[in-house]
Amino acid sequence: MMMTKRERFQNFLANKPVDRVPVAFFHHFCNDFGRGLADPQEFELNVMGHKRAREIFDPDVIKVMNDSLMIMPLDISAVSTPADLPKVLPQAMSSLYVEKSLELTRRVLEFYKGSDAPTYITSFSPSFTLRVSIGKMLSSDSDGEVTRKFLAQDPVALSEAVQIVGEGIIEFNKLLLTEGGAEGVYYSVNNQAGFFDGDLFRRYIAAGDKAVLDAANQLSSINMLHICGYHGKANDLSLFADFDTASYNWAVHAEGVSLSEGKAFFHSKPVCGGFEQADVIYKGSREEVEQATFRILDEAGQVGVMLGADCTVPTDIDDDRLNWVRDAAEKYAKR
């Protein structure tokens, strides 16, 4: 019997059999991130991109892509030395950034009325949010090395700053879930290419990053942990092994950890992924996409598995290709 999107997703989360595996690919709609506050046209491009995409591919999982707003800007005007990091301030809930985030979430979700697919907002970890703002302050820091050294010089101050930023993100996520209409948090964390020393991350950063997820778990039972790696920028998955979430997504190809291996590593929790971002899903023939789908499901099975990519697929992807994956998943299930 054919399941509804919600029934299928609920079985995925419960590690129960499905009529076919759900499919969850996401892509951006803007190429220049974070310009929506200054450029209303960019904000509208972000909003309306969801409408056009849905006309081609009706998703099994809905995620609001906040390209035009992206990562929460922080007030770092009082920060000039590493010891000043605890002076950082997140956005006030009365800020324009928060106001437009709420507007974007509500408007996008209007396009999906009539669908019973689960709905997510995107949330970035406080450590990454802090890295981005400090990196912008150190404008000559093209490869992130100066930012990394700056943040690592005073780990206690770094830890305090991550906690402060996290408190703002917790409040922000709560607003989008309780007033924006979304159901869960797609929580993006990373320590790509060992940006921070692993021990430093565990001792001074992990608790603040985890606190945001733990708070989201008080509001939703469907949150997904996205361990963001891409194009060879891998993460040490062990840094996130004790992050409590309903399901996990990581960069299978960057990390070299298959879906079945990751499922075993993450305590048999449901997992999502399998496809590289810009390889067969982006440029392969329909037959090649089908073969890739079959290979992933041969390796991972169909229980507690959702097909997706290492991270966002290219902005200009033909959304009909996502239908190819879903058709292949249906064909595989019937075999």
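Residue numbers run from 1 in the order of the sequence given. Being a predicted model, the structure only gives us computed values, none of them experimental.
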Between [X] and [Y], which heavy-atom pair has the shortest distance, and what is it?
| X | Y | answer |
| --- | --- | --- |
| Leu109 | Gly180 | CD1-O, 3.6 Å |
| Gly208 | Pro126 | O-CG, 3.6 Å |
| Ser101 | Thr105 | O-OG1, 2.8 Å |

Polar side chain donor-acceptor pair, [X] to [Y], under 3.5 angstrom:
| X | Y | result |
| --- | --- | --- |
| Asn190 | Arg131 | yes |
| Asp319 | His27 | yes |
| Tyr186 | Asn223 | no |
| Ser258 | Glu299 | yes |
| Ser238 | Arg202 | yes |
| Asp318 | Tyr282 | no |
| Ser115 | Lys5 | no |
| Asn15 | Lys263 | yes |

Without swapping roles, check the side chain of [X] against the backbone of [Y] for a donor-acceptor pair under 3.5 Å.
| X | Y | result |
| --- | --- | --- |
| Asp310 | Tyr230 | no |
| His50 | Phe29 | no |
| Arg8 | Met3 | yes |
| Arg54 | Phe111 | yes |
| Asp154 | Ala157 | yes |
| Glu288 | Ser285 | yes |
| Ser220 | Ala216 | no |

- [ ] I would like to know whether Leu104 and Val64 meet side chain to side chain contact (heavy atoms under 4.5 Å, CB included); could you show each step before the answer?
- [x] CA-CA 8 Å; Leu104 183 142; Val64 178; 3.1 Å; yes
To the nearest 0.5 Å, what is the distance between [atom1] ([X]) and [atom2] ([Y])?
| X | Y | atom1 | atom2 | result |
| --- | --- | --- | --- | --- |
| Phe240 | Thr245 | CZ | OG1 | 12.5 Å |
| Leu151 | Tyr204 | CG | OH | 14.5 Å |
| Ile281 | Trp324 | CD1 | CH2 | 8.5 Å |
| Gln91 | Thr129 | CD | OG1 | 11.0 Å |
| Ile71 | Ser188 | CD1 | OG | 8.0 Å |
| Ile76 | Leu89 | CD1 | CG | 11.0 Å |

Open item on the list: Name the residue from Asp67, Thr315, Asn46 that meets the side chain to side chain donor-acceptor pair (under 3.5 Å) definition with His28.
Closed with: Asp67
TODO: Could you please spell out the steps behind the side chain to side chain contact (heavy atoms under 4.5 Å, CB included) verdict for Asn249 and Val271?
DONE: CA-CA 6 Å; Asn249 167 249; Val271 297; over 6 Å; no
In the structure I gave you, are the side-chain heavy atoms of [X] and [Y] within less than 4.5 Å of one another anywhere?
| X | Y | answer |
| --- | --- | --- |
| Leu130 | Leu158 | yes |
| Asn191 | Lys233 | no |
| Tyr120 | Ile62 | no |
| Val21 | Phe12 | no |
| Cys311 | Cys228 | yes |
| Ser68 | Leu45 | no |
| Met65 | Phe26 | yes |
| Asn323 | Asp320 | yes |

TODO: Check the pair Lys100 / Glu103 against salt bridge (charged side-chain N to carboxylate O under 4.0 Å, His left out), numbers first and verdict last.
DONE: CA-CA 5 Å; Lys100 297 300 284 185; Glu103 178 189 341; 2.9 Å; yes
TODO: List the steps and the verdict of side chain to side chain contact (heavy atoms under 4.5 Å, CB included) for Leu237 and Glu255.
DONE: CA-CA 8 Å; Leu237 296 184; Glu255 266 97 60; 3.8 Å; yes
Grouping I, L, V, M, F, W and Y whenever their side-chain heavy atoms are under 4.5 Å apart, do [X] and [Y] come out in a common cluster?
| X | Y | value |
| --- | --- | --- |
| Ile134 | Phe124 | no |
| Met224 | Leu259 | no |
| Ile56 | Tyr112 | no |

- [ ] Kindly say whether the aromatic ring centers of Phe275 and Phe25 come within a distance under 6.0 Å.
- [x] yes
TODO: Please confirm whether Trp250 and Phe266 have ring centers closer than 6.0 angstrom.
DONE: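 Close enough - the centres of the two rings lie under 6.0 Å apart.
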Going by an N to O cut-off under 4.0 Å, is there a salt bridge joining [X] and [Y]?
| X | Y | answer |
| --- | --- | --- |
| Lys87 | Asp84 | yes |
| Glu145 | Arg148 | yes |
| Arg35 | Asp39 | yes |
| Asp60 | Arg20 | yes |

- [ ] Would you sort out whether Arg321 and Phe57 count as a side chain to side chain contact (heavy atoms under 4.5 Å, CB included), showing the intermediate values?
- [x] CA-CA 9 Å; Arg321 288 176 163 274; Phe57 176 72; over 6 Å; no
Throw together a table of side-chain donor-acceptor distances under 3.5 angstrom for residues 161-177, partners on residues two or more places apart or in other chains.
residue: Asn173; atom: OD1; partner: Ser123; partner atom: OG; Å: 3.2
residue: Asn173; atom: ND2; partner: Ser123; partner atom: OG; Å: 3.0

Open item on the list: Let's go through His226 and Tyr187 carefully: what are the C-alpha distance in whole Å and the side-chain angles of both, what is the deciding distance for ring-ring contact (aromatic ring centres under 6.0 Å, His included) to 0.1 Å, and is it a yes or a no?
Closed with: CA-CA 6 Å; His226 168 58; Tyr187 186 46; over 10 Å; no
TODO: Walk me through it: do Lys51 and Glu55 pass the test salt bridge (charged side-chain N to carboxylate O under 4.0 Å, His left out)?
DONE: CA-CA 7 Å; Lys51 183 177 185 293; Glu55 290 169 356; 3.1 Å; yes
Task: Residue from Arg335, Lys331, Arg326 passing salt bridge (charged side-chain N to carboxylate O under 4.0 Å, His left out) with Glu290 - done: Lys331
- [ ] Output all residues satisfying side-chain contact (heavy atoms from CB on, under 4.5 Å) with Glu183, sequence neighbours left out; order by chain, then residue number.
- [x] Arg6, Pro118, Thr119, Ile222
Open item on the list: Counting neighbours of CZ on Arg203 that are heavy atoms of other residues, nucleotides or ligands and sit closer than 6.0 Å, is the number greater than 12?
Closed with: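 12 or below, so no.
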